[in-house]
Amino acid sequence: MSFENLGLAPFLLRALSEQGYENPTPIQEQAIPLALEGRDLLAGAQTGTGKTAAFGLPLLQHLGTNPQAVNGPRKPRALVLAPTRELATQVHDSLRSYSKYLRIPSACIYGGVGMGNQFDVLRRGVDLLVACPGRLIDHLERRSVDLSGIEILVLDEADRMLDMGFLPSIKKILAKLPRQNRQTLLFSATFEESIKQLALEFMRDPAQIQVTPKNTVAETITHRVHPVDGARKRELLLHLLAQDSREQTLVFGRTKHGCDKLAMFLDKAGIKTAAIHGNKSQGQRLRALGDFKAGRVTVLVATDIAARGIDINELPKVINYDLPMVPEDYVHRIGRTGRNGSTGQAISLVAQDEAKLLRQIVRLLDKDMDIRDVPGFEPQTPIRWGNSAPGKAEVPGGDRSPRKHARRPHGEAPRHAHAGAKSGGGQRDGAGRGASRGAGNGAPRGGAPSGQRRGGGGRGPGGGGHRAG
DNA sequence: AAAAAAT
């Protein structure tokens, strides 16, 4: 299959081949013909599989081949919304490069920068607008932009755009768009069912495309978990980074302040580090990402601002210093590595208070995780992976007994956790209660040398029926 | 309960 077969126009094919794109990815193969027909799309595909081109190429072809419907001042005809400024910039850049042989005036609209330029560009008129919601609404209220001529709407990272934080803004923008004759394209790597239902309300008979089983991640990414005491995470991170000090690593933290502190610590320890989060100025954000992409710093410490969409060439490793608050964000974070078929490594430092999060992640991924202590950094009290604190009622007999195990031996063989309980599979409650309840909670929490406990013992988080209630 | 997105 080649791009020619998908019905793309010569002016796009030429730009693609010049940029080295030869064969469409599965999501592109499926989405492009449907989008060219004018269908609405609800499209899910793994991170790093070319979603931008999947919506961008049909969008540009539409703009390039259909004459503008209205006379008078030029109004934007296509609108792409993205959840962060960096992603909006990246998408805009990509679309510019695909449309090299077209004359499509465009603008990228987001906050944190002056409005003057944006006023000018909008007044001169654009066909294509890539934007973050906040600043776009600002322009709407100032009447410096008119969205009544939008023919195509794209929500990139659609599930994020429709979550509680963004939804009010999206609704405001939707209210300014024409309802008739509008094509709506939604793309994301993760789609929760409730989000899907919400999306259906402002789409018309969308084709639903799911290229790979939903919420899965690239097979080329390996997942490793290091149990550790929260208080020793910094040291452990430093230890891990020092092992291969030239390797580009994206480190995710939970809070802006935490990321700042961590970046300072690493920098003082001699690791070239930058931090990026929403409290930094747009200039600082730009520089941090630029320095990291260019290799001027080896470590970028980021909040979830960098979790989605950001494309960093050949990034070999992502470390979750803190686990994300929602399991879907794990998928997006580690999707910064292993892009386009390359290999990647995802490492998560997990303290006791994150055990539950890890279990949710394993369940979502339905994937093996290599859980192993780092010699010298074993948690003082082995992690209890069970689904409740000791003494909670819903785990009869499971977790409430006091930990009587000694610490794990150093350098033991890795255990493997697997989400056996994902969807009606074998290890749900009833069946799992007996044997695997004990195993699921028992083994990873650690006491036993796990070499001997492979079978049931190796299940770890998510294994063995943690579906109480 | 955190982050993002307008100022």
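Naming: A, B, ... by sequence-line order, numbering from 1 per chain. Because the structure is predicted, anything quoted here is derived from the model rather than measured.
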Throw together a table of side-chain donor-acceptor distances under 3.5 angstrom for residues 236-245 of chain A, partners on residues two or more places apart or in other chains.
| residue | atom | partner | partner atom | Å |
| --- | --- | --- | --- | --- |
| A/His239 | NE2 | A/Gln243 | NE2 | 3.3 |

Inset, instruction - Identify the heavy atoms of A/Ser94 and A/Thr52 that sit nearest to each other, and give their distance. - result: CB-CG2, 3.9 Å
Legend entry - Between P of B/dA4 and CG of A/Leu289, the distance in whole Å: 14 Å
Inset, instruction - Measure from the side-chain heavy atoms of A/Phe166 and tell me the nearest of B/dA6, B/dA4, B/dA2. - result: B/dA4
Inset, instruction - Return no unless some side-chain N or O of A/Arg333 is found under 4.0 Å from OP1 or OP2 of B/dA3. - result: no
Legend entry - Nearest-Å distance for atom pair CD1/P, residues A/Ile276 and B/dA5: 9 Å
Inset, instruction - Taking only the side-chain heavy atoms of A/Arg85 (C-beta and beyond), determine which of B/dA5, B/dA4, B/dA2 contains the nearest atom. - result: B/dA5
Legend entry - Side chain of A/Glu141 (C-beta onward), nearest among B/dA5, B/dA6, B/dA2: B/dA6
Legend entry - Value in whole Å for how far the C1' atom of B/dA5 lies from CZ of A/Arg308: 14 Å
Inset, instruction - Return no unless some side-chain N or O of A/Thr84 is found under 4.0 Å from OP1 or OP2 of B/dA5. - result: no
Inset, instruction - May I ask you to evaluate whether A/Arg142 reaches the phosphate of B/dA6, defined as a side-chain N or O under 4.0 Å from OP1 or OP2? - result: no
Legend entry - Electrostatic pair A/Asp138:A/Arg142 at N-O distance under 4.0 angstrom: yes
Inset, instruction - Go through B/dA6, B/dA2, B/dA4 for me and flag the one nearest to the A/Thr303 side chain. - result: B/dA4
Inset, instruction - Report the nucleotide, chosen from B/dA2, B/dA6, B/dA4, that has the shortest atom-to-atom distance to any side-chain atom of A/Tyr110. - result: B/dA6
Legend entry - Distance, rounded to the nearest Å, where A/Leu357 contributes CG and B/dA2 contributes C1': 12 Å
Legend entry - Nearest to side-chain heavy atoms of A/Arg285, which nucleotide of B/dA6, B/dA4, B/dA5: B/dA5
Inset, instruction - May I have the distance from A/Asn279 (atom CG) to B/dA4 (atom P), rounded to whole angstrom? - result: 7 Å
Legend entry - Atom-pair distance (NE2 on A/His139; C1' on B/dA6), nearest Å: 10 Å
Inset, instruction - Let me know the distance between CG of A/Asp138 and C1' of B/dA5, rounded to the nearest Å. - result: 11 Å
Inset, instruction - In plain terms, say whether A/Glu141 and A/Lys176 are close enough for a salt bridge, that is, a side-chain N and a carboxylate O under 4.0 Å apart. - result: no
Inset, instruction - Compute the ring centroids of A/His92 and A/Tyr110, then answer whether they are less than 6.0 Å apart. - result: no
Legend entry - For atom NE2 of A/His277 and atom P of B/dA4, their distance in whole Å: 8 Å
Inset, instruction - Select base, sugar-phosphate, or nothing to describe what A/Gly165 touches, counting heavy atoms under 4.0 Å on all strands. - result: base
